[in-house]
Amino acid sequence: MLDARWWQRGIVYQIYPRSFMDSNGDGIGDLSGIRSRLPYLAWLGVDAIWISPIYTSPMADFGYDVSDYRGIDPRFGTLDEFDALVRDAHATGLKVILDFVPNHTSDQHPWFVESRASRESAKRGWYIWRDPAPGGGPPTNWLSEFGGPAWEWDAATGQYYYHAYLKEQPDLDWRNPEVRDAMLSVMRFWLDRGVDGFRVDTIHHLIKDSELRDNPPNPQWKPGMPPHRKLLRLYTTDRPEVHEAVAAMRRVLDDYDDRVLIGEAYLPFDRLMAYYGQDLSGMHLPFNFHLIGAPWDARAIAEIVREYEAALPQGAWPNWVLGNHDKPRIRSRVGAAQARVAAMLLLTLRGTPTLYYGDEIGMCDVPIAPGEVQDPFEKNVPGLGVGRDPERTPMQWGGGAGAGFTTGRPWLPLAPDADRTNVEALRGDPGSILSLYRALIALRRAQPALAVGAYAPLAAGEGVLAYAREHGGRRLLVLLNLSSRPRRLALAAGASGARVLLSTGLDRAGERLDEAVELRPDEGLIAEAPGAPG
Ligand code: GLC
C-alpha cells in the first residue's frame, strides 16, 4: 500500500466558500480569501481542499443551483482568480477538488430557459417534463427534498417539470445523451484547468424511474420528521441505471492523470457499495456518512465500522466523514470533550478522512434567529431543525468584529464564542483542539500504519472503542473512551509495554502502558505496540 494514491493517503478538507474567508469586505467568502488562507491549510497539514460550488448561480440554494457551469460567480471572484488559487494550492502541495452538480441546474440556466420556452424547444428533453396525471394534478406523488411536491406546474406550456430539490433547481434528464455529453464536457473543462477531482453532488438522485411509478409510504415516518420522508424514495433515487452514468464520469477522469471522483449519496452500506462500480469502475470514494448520524456510543460505532469494512468490495478504498455543510457540527452533537475523541477516531480509522472547515477549532452550530435564516430548506420547512445555516457560519480566524473572516457584515452571524474559539487563539495553545488536530494529522502522515495500514478491531469494555492499525511490522493501538467516565482497559499480552504516541489531552506522549490502561473520561490514546521497529 506504500504506492497508495494521494486520495487514499491524504486528508480532504471541505471549504464552504461563502464562509471561509472574505477578501473584499462584502461579508461573503471568496476565492482570493481561500487563496490567502492556503498557508494555514499547509500548516494544518491537510492534502486536498474540496470547495463547495463556486459557479455562477442565483444562489437559491447557495451555489447548488448553477446557471453557468463554466463560470465563476462574481461573488466568489473570476476565472483568473480561480486559476491563481489552483496554481498556489498546487505550489503549496494541496490538491483542489471541485463540487460538481450534475443532477439539476438553476432555473435561470440558459438550458432551462430554452427548455421551458416551448414544448417544441430543442432543449425540452433536457429536463423532465410530463403531462398532468390522467385525473389532473402532478404526474406522480414524488416529493421535493426541501418540502412540497417535486413537480412544478408550468402554465405557459401546460406541463409539469420535476425538481428533486427547490423548484429553482429543475432536474436534468440524464437518460438524454445530449445532457450527458454536455455535463461530461463540463468535467473536462475543469480537469483541463488543473482541478484534481470532483465531489459529485447528490449522485443517487441522477436517474428517476422511467415508468414514473409512485413512491410507497414510509411506515417509519412520524410527525416532526421532514415531510419528504413520508415516502420511501424507491423510484426517485438509487435507480440501477445510475451506475452507467457514474461509470461515464469515471471514464472522463481516467483520461487524466491521478484525479479523484467522490460521490455524495446518503445510502445504507449495501446500496452504497454499488457506487464503487463494477470492478471499481465507478466512484473512487462514495462518501460514507454513517458516522454523521450515528449515536455516539462505542458499541454502535464499532458495529458501523465492522459493517462497513465487511461490505467493501475487494480493493475498494474506504472513507469517513464526521460533518459537512448539510449536517449539525460534530462538536454540537457530541460536546467539546468528545469532539477531541471524534477527531482521533476520524484520523485513525482506515480510509480517507474528510474534515469540515472549522471542526478543527471546535466550531459549534450557531443558533440563527428566525429573521436571519438564509437556508431555503429551513424557510420551506421551518421549525423542524432541518436548517443548515447553523453549521455554515463564518470561519473564526481571530477575535474582534468580523473574527478575521470579514471587514464587513458577515452573511451569517458569527458564533458567540468566536472571541475564544478561533485559529489565532488556539494556534498558540499547545493543549487546544487545533493543536490536537494538527498533531493527529502529522502523526497520520508520519505513520503509514495510520494512513494505509490494515485495520483490526480489539476487544474493549463498555464505553471504549479500540482497534489496531498495522503496516510494515508496526502496530498502532487506538483506544478511545467514548464515555464520560474513567475506564480501565486490559491490553492483550503482546500489547503491554506499548508507548503512547499521542493522547487527546496532548499530555501522555511517551508514557509506557502496562497490561492495563487507565483512560480518563473522554480520552483517546494512540500507542505503538512493543516489538515494533524504530
Ligand atoms: C446536496 C448538497 C446540498 C444541496 C443539495 C442540492 O445534498 O450537499 O447542500 O442543497 O445537494 O443540490
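Residues: numbered from 1 along the sequence shown. For ligands, and for the atoms within them, numbers begin at 1 and follow the listed sequence.
Note that CD of E391 is 9.5 Å distant from CD1 of I368, once rounded to the nearest 0.5 Å. Separation of atoms CD1 (I128) and CG (D171) is listed at 5.5 Å; rounding is to 0.5 Å. The CG atom of L322 lies 4.5 Å from the CD1 atom of I330; values are rounded to the nearest 0.5 Å.
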Full working for salt bridge (charged side-chain N to carboxylate O under 4.0 Å, His left out) between E145 and R233: CA-CA 10 Å; E145 297 278 321; R233 293 169 293 181; 2.8 Å; yes
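For H163, the closest heavy-atom approach to ligand 1 does not fall below 4.0 Å. Distances shorter than 4.0 angstrom occur between a heavy atom of R392 and an atom of ligand 1. Using a 4.0 Å cutoff on heavy atoms, F146 counts as a contact of ligand 1.
Ring geometry for Y16 versus H325: interplanar angle under 30°, hence parallel rather than tilted (30 to 60°). Note: Y275 and H243 have perpendicular aromatic rings, judged against thresholds of 30 and 60 degrees for the angle between ring planes. F287 and W50 have tilted rings, their planes meeting at an angle from 30° to 60° on a 0 to 90° scale.
At least one N/O-N/O distance between H104 and ligand 1 falls below 3.5 Å.
Counting atoms of ligand 1 from 1 in the listed order, those under 4.0 Å from a heavy atom of R388 are 3 (C), 4 (C), 9 (O), 10 (O).
Among protein heavy atoms, the minimum distance from atom 9 (O) of ligand 1 is reached at D326 OD1, 2.7 Å. Counting protein heavy atoms only, atom 1 (C) of ligand 1 is closest to D201 OD1, 2.8 Å. Of all protein heavy atoms, the one lying nearest to atom 5 (C) of ligand 1 is Y165 CE2, 3.7 Å. Scanning the protein for heavy atoms near atom 7 (O) of ligand 1, the closest one is E264 OE2, 2.9 Å. In terms of protein heavy atoms, atom 10 (O) of ligand 1 is closest to D61 OD2, 2.5 Å.
Contacts with ligand 1 closer than 4.0 Å are made by side-chain heavy atoms of R199 only, the backbone lying farther away.
Taking the six-membered ring wherever Trp is involved, the centroid distance between the rings of Y161 and F112 falls below 6.0 Å.
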